[in-house]
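Take a look at the structure below.
Numbered from 1 within each chain, the chains take letters A, B, ... in sequence-line order.
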Number of protein chains: 2
Amino acid sequence: MPSASPRHRSSPEHADPGDVTLHAALAALADPVRRRLIRELAAAEDWARACGTFDLPVGKAARSHHFAVLRSAGLLEQRDSGAKRLNRLRRPEFDARFPGLLDLVLAEKDGEEDPGAEPAPGGRDR
Amino acid sequence: MPSASPRHRSSPEHADPGDVTLHAALAALADPVRRRLIRELAAAEDWARACGTFDLPVGKAARSHHFAVLRSAGLLEQRDSGAKRLNRLRRPEFDARFPGLLDLVLAEKDGEEDPGAEPAPGGRDR
DNA sequence: ACGGCTGTTCGATCTGCATCGAACATCTTA
DNA sequence: TAAGATGTTCGATGCAGATCGAACAGCCGT
């Protein structure tokens, strides 16, 4: 049977959205990759997407890092389901804590994330 | 006579708040010093405060840098008046472009800016 | 049991940026 | 005109964090 609650992999630590500082929220959302992730997640149903199913221009190490940051910013919730880790955007909780902020991110058009935009020849990229 | 419009010092370049990217806004506000500056500015009347009159934990070089960042994020407007450079928070413009964002910053309590908070012994500080 | 998939963690690297001190420019006041 | 005040710019420094590759750890098929 597909184990519904595997306690083997240390289950992810979630921040209480009510306790998240404004700085944590802004710092988390100041990254283009994370905003893109959020937007993609918002377009799906809760618990529909596993971490690996996101279209991001970074390797899985960085990806895992980004998920951790978003988690501790109270922006998303994760639940293990077998080998996969499913995600849910904590929209109502986050909206209650920081009204309007998430809306701004979701309103941003894809490809408008900005930071230089250019691939940057010598830059760490991918 | 107190020169009303000195064109000697290259007058500051202002970004059109309507053209500011979300990234620029978030990146600008992701800094505790800048948020504090914004809050202090919001508490005063327009054009009432010169750059040097803000209570910030940084030297004037960094201070000047922060003002430049906020300017190009469409958050404030500057006008030269003699040797002083007066400031005004672009509240209506910024609110129109990013509804709710500025309110979040202004709602943040002083001393709650966060990032580590500790003076950091070896850290570049002041 | 084995091999493939999914994610996390570790150590290293590299870049951006916040900061400083010092030099400079401009305006004001003595 | 000389001195002081206000800001900006420059070059250097240091740290935080974004990224990678590789190693590791559960889970799931065959």
To the nearest Å, give me how far apart [atom1] ([X]) and [atom2] ([N]) are.
X: B:Arg34; N: C:dT19; atom1: CZ; atom2: C1'; value: 12 Å
X: A:Leu86; N: C:dC5; atom1: CG; atom2: P; value: 19 Å
X: B:Asn87; N: D:dT6; atom1: CG; atom2: C1'; value: 12 Å
X: B:Phe67; N: D:dT6; atom1: CZ; atom2: C1'; value: 12 Å
X: B:Arg63; N: C:dA22; atom1: CZ; atom2: P; value: 18 Å
X: B:Gln78; N: D:dT6; atom1: CD; atom2: P; value: 16 Å
X: B:Leu26; N: C:dG16; atom1: CG; atom2: P; value: 19 Å
X: B:Arg79; N: C:dT26; atom1: CZ; atom2: C1'; value: 18 Å

Checklist line | A:Glu77: which of A:Arg71, A:Arg88, A:His14 passes side-chain hydrogen bond (donor to acceptor under 3.5 Å, both in side chains) | finding: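 When A:Arg71, A:Arg88, A:His14 are each tested with A:Glu77, the side-chain hydrogen bond (donor to acceptor under 3.5 Å, both in side chains) holds only for A:Arg88.
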
When you measure from the side chain of [X], which nucleotide among [options] comes out closest?
X: A:Asp31; options: D:dT6, D:dA18, C:dG7; result: D:dA18
X: A:Ala61; options: D:dT6, C:dT19, D:dG21; result: D:dG21
X: A:Ala83; options: D:dT19, D:dC27, C:dT9; result: D:dC27
X: B:Arg71; options: C:dC20, D:dT8, C:dT19; result: D:dT8
X: B:Lys60; options: D:dC20, C:dT6, D:dT8; result: D:dT8
X: A:Ala62; options: C:dG7, D:dG21, D:dT19; result: D:dT19
X: A:His66; options: D:dT6, D:dA18, D:dA22; result: D:dA18

Check: Taking the side chain as C-beta and beyond, is there a heavy-atom pair between B:Leu86 and B:Gln78 under 4.5 Å?
Finding: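 Not touching, per the 4.5 Å side-chain cut-off.
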
Checklist line | Under-4.0 Å salt bridge between A:Glu112 and A:Arg35 | finding: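 Answer for the salt bridge query: no.
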
Next item on the list: Mind checking the CG-CG spacing from B:Leu106 to B:Leu41? Nearest 0.5 Å is all I need.
Entry: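 Rounded to the nearest 0.5 Å, the CG-CG separation comes out at 9.5 Å.
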
Note to self: By the 4.0 Å heavy-atom rule, please label A:Ala50 as base, sugar-phosphate, or nothing.
What the structure shows: sugar-phosphate

Next item on the list: Applying salt bridge (Lys or Arg N to Asp or Glu O under 4.0 Å) between B:Glu108 and each of B:Arg34, B:Arg39, B:Arg36, report the one that passes.
Entry: B:Arg39

